[in-house]
Each structure stands twice: as structure tokens, then as C-alpha cells.
Asks: 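Structure in C-alpha cells, see below.
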2 protein chains.
Amino acid sequence: MLSIGKLSATTGVKVPTIRYYEEIGLLPEAERSAGNQRLYATKAQERLAFIRHSRELGFSLDDIRELLSLSDRPDMSCAAADVIATRQLGFVKDRITRLQALQQELERMLTQCAQGTISDCKVIEALSNHENCLHPHHGEV
Amino acid sequence: MLSIGKLSATTGVKVPTIRYYEEIGLLPEAERSAGNQRLYATKAQERLAFIRHSRELGFSLDDIRELLSLSDRPDMSCAAADVIATRQLGFVKDRITRLQALQQELERMLTQCAQGTISDCKVIEALSNHENCLHPHHGEV
DNA sequence: CTTGAACCTCTAGTTGCTAGAGCTCCTATC
DNA sequence: GATAGGAGCTCTAGCAACTAGAGGTTCAAG
Ligand SMILES: [Zn+2]
Ligand SMILES: [Zn+2]
Ligand SMILES: [Zn+2]
Ligand SMILES: [Zn+2]
């Protein structure tokens, strides 16, 4: 059985984050020592590693909750898991597209600026009106 | 002079968002009608359009605050503005790189999955351990 | 047996808004 | 001029996914 600190060290998830995951029900309530400190078995390490890795791949905690509950039912079809991953892939692709548009706009305004005064600054000018933009870039970045 | 609703309609920024920008000092306190309702001059439209466009390009409100105060000093060097935009470009490029790594990992796990049961699902397996990943993908997405 | 690191709970802060309650005001129609 | 209802007002709370701090307890090394 590991203390929360050891669990944190072996998984790379910070102590308060582990407690937070327990609080929101991503991790089951930990066992406690006589002095009320959390104790974890190896199983918790795996579950936490799963969460961390999924987070690193950009999944939301809600998606992860769903994926965890699926992984607890090995005989079920994996269709639901694949739907979640496919949706995530869609988000990622979409975001890349939008960020590439932003990159172009930022590069354009920076190369146009001749490093003079604010009144001549193409960066400030570009921010002031969208007319010269090549992309629509609406919605969240 | 425009009501907050008209200002919202002409700029595409929602009414509560305009009030929020005023609250945090991005917009100056609006004049008020006899009945205490906000009234805006054309200048406010430009300022708000600047904020909105900068947000669309991914700048933080703190950066925008800085950019706005620079744009109020036309005789100054624009170096500071260019620094902010360059930094923003850096963020964007970095994020794109990380998202492209995520895209690859997600595509890899999805193409490997044979659509069977959870116990054979390559998506769940890939989330369970990072060993087979091609990228480190640490840090925030 | 003492010391200090690690643990506990609870609250509040972060970013950039958004939603709601409960009220007042403005304007259009009759 | 009365009235209906849309738009405005303030204030509080909530979202995601944590992070930081206060103030107190427990554990483990020496
Ligand atoms: Zn410039
Ligand atoms: Zn634009
Ligand atoms: Zn699968
Ligand atoms: Zn990985």
C-alpha cells in the first residue's frame, strides 16, 4: 500500500490532483490508515496512469470517466470507446486547422511591421480590423 | 450613443461579456443614461472590435490590455507590441506541434482497433500505457 | 522522544466568460 | 396616459481542471 505521496511520485500526478480526482469520483475513495491518511493499492496506480495518459492525449475528465467505466467491462463491445476517441480526434484536427489559420495571420502581421512607431505598426493595425485577414477565425481558439 | 444591446449587435460581443470587460477594466466605465443604463460612443465600438479581434487571434485578456494601452500611445515604439505578437505566435506554433502529435497517436490507436470487445480494444490499451506512443506529449494540450 | 516532512480538510483563486434571480427602465401600442 | 414586455441593471454562482494557502494532525527517522 502506497501513501498519496508515493502514488504521486510513481505516476507523476500531483498530490492535490489525486485528491481532486477522488473528490469528483474519477478515483474511488481511498482506504485510510489508522491516522486517516490515504492508502493505495497497485490497482490505483494503473487507474491513475490511465487517467494521466488520457489527459495527456487531451480527453476531458468526463470522457475519461466514461472510458474508465468501459475498461471495467471487458466483454462489452468497444464501439463506445472508439466513438469517444474518434470524436477527440475530430476536436484535435479542428483545433489544428484553426491554429494554423492563426499562425498565418500572426506571421503576416509580424512580417509586415517595419518596427517603427505604434501609429505605423502593422500588428496594431491588423488587430484593429479584420478586413485584411485571410481567414474568418471565429469561435474559440 | 448606443445602448449596450446595440453595441453588442454591431460588434458581435455578447452583452454580459461587454459588462465583464468593463468590470475588469478592459473597457472604460460607460456613461449612463438618466435611468442608469450604459451609453456608448463610436470610440467604444472600435475598442471593442479590437478586443474581439485580438481574442479571435488567441491573445489573452492581459495581453490585450497591454496592446490597448500601447495603441493609445501612437508615438511610442511598437517593439512591445511586436514582442507580444511574437510570443503569441510562439504559443500557437507550440500548440500546433503538440496537437499534431496527439493527432498521430489518436489515429494510430484508432486504426489498430479491430472493433471487437473492450478487452481487445487498442484504444483502451493505448490509453492504459504510454509505452507504444511515438511522442512524449507531456504538459498541457 | 523529538523534529520536521508529509498528510489532512477547507476555502479561495485561476481564465474568460455564461446563467440566473430579482429588480428597474424604456418604448411601442392602444 | 396606461400598460405590456423587451431590454437593462446588480449580484451571485457556475463551468474546466486544477493550484495555492491556512491551519491543524500524523508519521518516520534519528
Ligand atoms: Zn509593429
Ligand atoms: Zn481577422
Ligand atoms: Zn476499440
Ligand atoms: Zn503516450
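Lettering follows sequence order; numbering is per chain, from 1. These figures come from a predicted structure and were not determined experimentally.
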Asks: Do B/Ile118 and A/Leu68 land in one hydrophobic cluster if side-chain heavy atoms of ILVMFWY residues count as linked below 4.5 Å?
Replies: yes
Asks: Can you tell me if A/Glu31 has over 12 outside heavy atoms packed within less than 6.0 Å of its CD?
Replies: no
Asks: Rounded to whole angstrom units, what separation is found between the CG atom of A/Asp62 and the C1' atom of D/dA16?
Replies: 10 Å
Asks: Separation of B/Lys6 atom NZ from D/dG6 atom C1', in whole Å?
Replies: 11 Å
Asks: Do the rings of A/His137 and A/His130 sit parallel, tilted or perpendicular, given the 30° and 60° boundaries?
Replies: perpendicular
Asks: For the pair made of OH in A/Tyr21 and P in D/dC18, what is the distance, rounded to whole Å?
Replies: 3 Å
Asks: Rounded to the nearest 0.5 Å, how far does NZ of B/Lys43 lie from CD of B/Glu46?
Replies: 8.5 Å
Asks: State yes or no: do A/Val83 and B/Leu106 share one hydrophobic cluster built from I, L, V, M, F, W and Y residues joined by side-chain heavy-atom distances below 4.5 Å, directly or via other members?
Replies: no
Asks: Tell me: CG of A/Leu26 to P of D/dA16, nearest whole Å?
Replies: 12 Å
Asks: Taking CZ from A/Arg65 and P from D/dA17, how many angstroms apart are they, rounded to a whole number?
Replies: 10 Å
Asks: Expressed in angstrom and rounded to an integer, what is the separation of A/Ile24 atom CD1 from D/dC15 atom P?
Replies: 12 Å
Asks: Would you mind checking if B/Arg19 and B/Glu23 are paired as a salt bridge, meaning a charged N to carboxylate O distance below 4.0 Å?
Replies: no
Asks: How many whole angstroms separate atom CG of A/Leu61 from atom P of D/dA16?
Replies: 8 Å
Asks: Just how far, in rounded Å, is P of D/dA17 from CD1 of A/Ile18?
Replies: 18 Å
Asks: Using a distance-only test with no angle check, is there a side-chain donor-acceptor pair under 3.5 angstrom linking B/Glu107 and B/Gln103?
Replies: yes
Asks: Which protein N or O atoms sit under 3.5 Å from an N or O of nucleotides 23-30 of chain D?
Replies:
from   : atom 1 : to      : atom 2 : distance (Å)
D/dC27 : OP1    : A/Ser33 : OG     : 3.3
D/dC27 : OP1    : A/Gly35 : N      : 3.0

Asks: Are the charged groups of A/Asp72 and A/Arg47 less than 4.0 angstrom apart, N to O?
Replies: yes
Asks: Students should find this one: the first and last nucleotides of DNA chain C, 5' to 3', lying under 4.0 Å from a heavy atom of chain A. What are they?
Replies: C/dC7 to C/dT9
Asks: How would you label the contact of B/Arg19 with the nucleic acid (heavy atoms, under 4.0 Å): base, sugar-phosphate, or nothing?
Replies: base
Asks: Kindly work out whether a path of hydrophobic side-chain contacts (I/L/V/M/F/W/Y, heavy atoms less than 4.5 Å apart) joins B/Ile64 to B/Ile24.
Replies: yes
